[in-house]
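Heads up: the structure comes next, in structure tokens.
Along the sequence shown, residues are numbered consecutively beginning with 1. Values reported hereafter were calculated over all heavy atoms of this structure, with side chains retained and with hydrogens, waters and symmetry mates removed.
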Amino acid sequence: MGEYQKQGFWRSLNQAWRGLLHTWRTQGHMKFHVGAGIGVLFSAWWWQVSRFEWLILIVAIGCVIGSEVMNSALEIVVDMVQPDFHPLAGMAKDVAAGAVLVTTIQAIAIGLIVFFPRFFHLASKIF
């Protein structure tokens with residue numbers, strides 16, 4: 001192995017984008033989460049949510065997408081280290097997927113807190 005060389009900012013940024021694009025291309029859940037996030041942002045714009053609500057929604061979306069990226073990274077490493085089935089390798093993948101589930105449940109709860117009163121108010125006007 002060669003000596004560690006500090007990478008330049010632009011090279012590091014390029015590698016990060018490459019990782020995101022790989023996740024986008026190979027993980028169907030990533031496409032779903034990004035699509036849902038765009039839908040939430042559109043809804044936030046439509047309903048004219050407060051600045052604080054914008055911040056919380058953006059953090060929630062970022063947590064879900066970030067956990068999906070980390071889950072994908074862990075799956076790649078586990079597959080590299082243990083290409084054959086092993087119960088611990090499977091458990092590591094399940095635990096990482098559980099982290100995505102936790103952030104997704106959190107994001108859904110935040111979305112309900114922000115949008116449910118608005119939907120309820122609209123429904124009460126219609127019905």
- How long is the span from the NZ atom in Lys93 to the CD1 atom in Ile76, to the nearest 0.5 Å? 10.0 Å

Please tabulate, for side-chain N and O atoms in residues 96-105, each donor-acceptor pair with protein atoms closer than 3.5 Å (sequence neighbours left out).
from, atom 1, to, atom 2, distance (Å)
Thr103, OG1, Ser67, OG, 2.8
Thr103, OG1, Ala99, O, 3.4
Thr103, OG1, Val100, O, 2.9
Thr104, OG1, Val100, O, 2.8

- Starting from Val95, walk the hydrophobic network (Ile, Leu, Val, Met, Phe, Trp, Tyr; side-chain heavy atoms closer than 4.5 Å) and list everyone else you reach, by chain and number. Met91

- Message: Would you say Val40 ends up clustered with Leu122 if hydrophobic residues are merged whenever their side chains have heavy atoms under 4.5 Å apart, either directly or through other cluster members?
- Response: yes

- To the nearest 0.5 Å, how far apart are CH2 in Trp47 and NE2 in His121? 8.5 Å

- Query: Hey, are the side chains of Leu13 and Trp17 touching, using non-hydrogen atoms and a 4.5 Å cut-off?
  - Reply: yes

- Message: Using the side-chain contact (heavy atoms from CB on, under 4.5 Å) definition, which of the options Thr23, Val77, Thr26, Leu20 pairs with Ser72?
- Response: Thr23

- Message: Please tell me whether Leu112 and Phe119 are part of a single hydrophobic cluster in this structure, the criterion being side-chain heavy atoms less than 4.5 Å apart.
- Response: no

- Message: Taking the side chain as everything from C-beta on, heavy atoms only, tell me whether Ile61 gets closer than 4.5 Å to Ile38.
- Response: no

- Message: If hydrophobic clusters are built from ILVMFWY residues whose side chains come within less than 4.5 Å, do Phe127 and Phe115 share one?
- Response: yes

- Query: Taking a hydrophobic cluster as the set of Ile, Leu, Val, Met, Phe, Trp and Tyr residues connected by side-chain heavy atoms closer than 4.5 Å, whether directly or through intermediates, do Leu57 and Leu55 fall within one such cluster?
  - Reply: no

- Message: Membership question, hydrophobic clusters at under 4.5 Å side-chain separation (ILVMFWY): are Ile108 and Val64 in the same one?
- Response: no

- Query: Do Asn71 and Gln27 come within less than 4.5 Å of each other through their side chains, counting heavy atoms only?
  - Reply: no

- Query: Would you say His86 and Val78 make side-chain contact, with heavy atoms under 4.5 Å?
  - Reply: no

